[in-house]
Each structure stands twice: as C-alpha cells, then as structure tokens.
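Structure first, then comments.
The structure displayed is predicted, hence computed values, not measured ones. Residue numbering restarts at 1 for every chain, and letters A, B, ... go by the order of the sequence lines. Just so you know, these numbers use all the heavy atoms, side chains as well, and skip hydrogens, waters and symmetry mates.
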Amino acid sequence: MNNLNMAKIQLNGDPYEINNGTNLNQLLIKLKIQKNKVAIEINGVIVEKKKYPNLILIKNDKVEIVHFIGGG
Amino acid sequence: MKDTFTIANKNFNSRLIVGTGKYKNFEETANAIKASGADIVTVAVRRVNILNKDQPLLMDYIDPKSITYLPNTAGCYTSDDALRTLRLAREMGGWRLVKLEVLGDKKTLYPNMIETIKSTEILVKEGFEVMVYCTDDPIMTKKLEDVGACAIMPLGAPIGSGIGIENKKNIMIIKKQSLVPVIVDAGIGTASDATIAMELGCDGVLLNTSIAESRNPILMAEAMKHAVIAGRKAFNAVRMKKRSLASPSSPKENLI
C-alpha cells in the first residue's frame with residue numbers, strides 16, 4: 001500500500017503500518033495493550049510512560065514493546 | 001527465634017525464590033508459586049506478541065502487588081543486552097531489585113563473569129539493587145560484592161541440569177566471606193538438594209526447573225518449601241558432630 005496518509009514502521013521486528021501522526025498512546029490502544037504492563041523502546045531509546053501521548057511515530061521508527069513473561 | 005531474610009533492606013518470609021518458566025500454562029505457574037510459599041519470583045522480559053492480542057499475561061495470574069517480581073536477564077550474552085533488558089524492566093513499573101545473569105555459552109549456560117562484573121557495576125551506579133547469578137568462585141563473588149551486588153547467587157550446577165550442588169566446599173567459602181546474602185541459584189534437582197544448600201548456611205535457594213519439570217509441579221513446589229525450611233532450621237540448630245563409630249541412644253545402665 002502506498003497511501004500518503006500511512007507510514008511504515010518496524011514493530012517488534014516486523015513491518016507495521018500506522019496512520020501518519022499516530023502517537024504511542026494511540027498505537028497501544030489500537031493494539032489493545034495496557035500501558036502499565038509494558039515498556040517501550042523507540043530506535044533503541046526507552047520512552048517514559050508520561051511521554052507516550054506526545055511521541056508521534058514517524059516512518060522507519062523501530063518500536064519495541066516488551067512485557068514480563070515466565071522465566072527462571 | 002526470629003530469622004529474617006533480608007535483601008536490599010527488604011524483609012521476606014520465605015527463603016525460597018522460584019522461577020516462572022517452563023510451566024504448562026499460567027494457571028499451573030500460579031498454583032506452583034502458591035504451593036512453594038515463595039515471596040519472590042523471577043520473570044523474563046520479552047517482546048509482546050502483536051499478532052495474538054488475546055494471549056494471557058503473566059501479570060493477570062501473578063499479582064506483582066502481592067508477590068515481588070524479580071526481572072531477570074536470562075538469555076542475555078552481553079553486558080549491553082543485559083543492561084537494556086533491566087532498564088526496560090524498570091520502566092515497566094519501577095523495578096529496582098533485579099537479577100543479573102550474563103551468559104557465556106549456550107551449552108553450559110555458565111555465567112560470563114567479566115561481563116557480569118562490568119554490568120553489576122553499571123547497574124549499581126544507576127540505582128539498581130542487583131542480585132547476581134555467578135560462578136561458585138570465591139574470588140569472583142568477592143569482586144561482585146566489591147562493586148555493590150546486593151546478593152551473590154552462585155550456581156549449584158548448570159541451569160536446568162538438576163544435578164544438585166557440585167562444589168559444596170566453594171559454596172561454604174563464599175558464604176563465610178560474604179557480607180551480603182548468598183543464594184544458590186541453579187542446579188537444584190530435588191528437595192534434598194535445596195536442604196543441603198540451606199544446611200551449608202546459604203541464605204536462600206533459587207530454582208525453577210526442578211519444580212516445573214517434575215511430574216507433579218504443585219507437590220514438588222510444596223516439597224521445596226519444606227526442604228528450604230528444614231535446611232534452614234537444621235543450620236540454625238547446628239548439627240551434631242560426626243563419629244566414626246556408634247553411640248547408643250538408650251542408657252547403658254540398669255539393663256534388665
């Protein structure tokens with residue numbers, strides 16, 4: 001898809017399309033992820049939770065969303 | 001007798017720390033943790049599965065408000081990866097108490113102590129309380145203590161091996177010289193191994209596979225709980241001296 005209103009980002013290692021101007025809060029809502037259960041890194045930099053609403057994603061951003069799973 | 005277990009100025013009731021990996025599902029994980037009586041559980045940091053949004057979450061089964069989550073760096077082979085993982089864990093909800101594990105080799109999962117010491121030093125400077133998985137080498141554990149580790153966690157045997165404590169003498173030396181808690185981490189196979197760790201004077205035991213891979217994890221979790229309590233009580237009671245020959249338990253006088 002080559003829509004001008006869309007931007008391609010890398011989300012947890014895979015290509016993902018978002019609407020231009022999407023902020024981190026909106027991305028989490030779209031993914032149905034509660035923000036208190038995850039941590040997010042953009043282009044290798046950890047983003048504080050309070051900055052989610054103001055952080056607008058742009059083309060080619062590498063987004064990593066992690067959470068706790070079972071481990072030893 | 002009051003016998004508190006303190007790590008980084010925080011008191012815990014149970015001296016058993018359990019992992020949350022390798023279980024059939026989260027329900028079994030939660031039941032095993034409950035049966036073990038553990039106050040602290042280790043957890044791993046991994047990518048969220050974006051495709052399956054309805055997958056259950058560990059936090060829905062084990063409440064981090066009632067059980068202390070100990071984020072670990074399992075699977076990290078470099079200092080950079082370990083630091084990145086723990087910084088993410090802290091961002092997730094303010095976790096400062098963490099387990100550092102920097103592996104050196106996929107076959108043995110032995111710790112890379114050079115990277116481990118380097119990482120401990122950085123994490124301590126960043127305000128983390130670092131419990132460190134390490135080799136059972138008293139020189140290395142002393143170095144870790146010097147750079148600020150809040151607990152020393154030597155392996156009993158390789159992770160997931162279930163062999164039991166291979167080098168009891170080293171564990172004893174490490175315990176004797178350390179001013180911070182010493183916790184045997186990895187290698188425990190069954191209840192008696194956990195008891196031995198505690199009888200050696202260790203402050204706690206960390207295990208995962210011995211419960212998760214037993215035929216009945218809930219029953220084994222309960223066994224581990226009692227094993228750690230038994231070993232600790234035996235240590236505090238101070239065992240009898242060994243003799244080379246018998247000593248009768250009934251009086252020798254007034255025999256009929």
message: Looking at every heavy atom in both A/Gly70 and B/Ala44, which two are closest together, and how far apart are they?
response: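 Smallest interatomic distance, heavy atoms only, reads O-CB, 4.0 Å.
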query: Nearest heavy-atom pair of A/Val66 and B/Val48: which atoms, and what distance?
result: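 Heavy atoms only, the tightest pair is C-CG2, 3.9 Å.
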List, with distances to 0.1 Å, the donor-acceptor pairs found between chain A and chain B - the cut-off being under 3.5 Å and no angle criterion applied.
from, atom 1, to, atom 2, distance (Å)
A/Asn12, O, B/Arg47, NH1, 3.4
A/Asn12, ND2, B/Val48, O, 2.9
A/Lys37, NZ, B/Asp60, OD1, 2.9
A/Glu41, OE1, B/Arg84, NE, 3.1
A/Glu41, OE1, B/Arg84, NH2, 2.4
A/Glu41, OE2, B/Arg84, NE, 2.8
A/Lys49, N, B/Glu91, OE2, 3.1
A/Lys49, NZ, B/Glu91, O, 3.1
A/Lys49, NZ, B/Met92, O, 3.4
A/Glu64, OE1, B/Arg47, NE, 2.7
A/Glu64, OE2, B/Arg47, NH2, 2.8
A/Ile65, O, B/Val48, N, 2.9
A/His67, N, B/Arg46, O, 2.9
A/His67, O, B/Arg46, N, 3.0
A/Ile69, N, B/Ala44, O, 2.8
A/Ile69, O, B/Ala44, N, 2.9
A/Gly71, N, B/Thr20, OG1, 2.9
A/Gly71, O, B/Thr20, N, 2.8
A/Gly71, O, B/Thr20, OG1, 3.3
A/Gly71, O, B/Thr42, OG1, 3.0
A/Gly72, N, B/Asn208, OD1, 3.4
A/Gly72, O, B/Thr42, OG1, 3.4
A/Gly72, O, B/Asn72, ND2, 2.0

- request: Please list, chain by chain and in numerical order, all residues satisfying side chain to side chain contact (heavy atoms under 4.5 Å, CB included) with B/Ile67, sequence neighbours excluded.
  value: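 Only B/Ile33, B/Val41, B/Ile62 meet the side chain to side chain contact (heavy atoms under 4.5 Å, CB included) criterion with B/Ile67.
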query: A/Ile46 versus chain B, heavy atoms under 4.5 Å apart: side chain, backbone, both or neither?
result: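 Just its side chain gets close to chain B.
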message: Which atoms of B/Ile159 are under 4.5 Å from chain A, going by heavy atoms: the side chain, the backbone, both sets, or neither?
response: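 Neither part.
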field: B/Ala89 versus chain A, the contacting section by heavy-atom distance below 4.5 Å
entry: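 Interface part for B/Ala89: both.
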message: For a 4.5 angstrom cut-off between non-hydrogen side-chain atoms, does A/Ile69 reach B/Leu58?
response: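 A side-chain contact is absent here, since even the closest heavy-atom pair is not under 4.5 Å.
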- prompt: Between CZ of A/Phe68 and CE of B/Met59, what distance do you get to the nearest 0.5 Å?
  reply: 5.5 Å
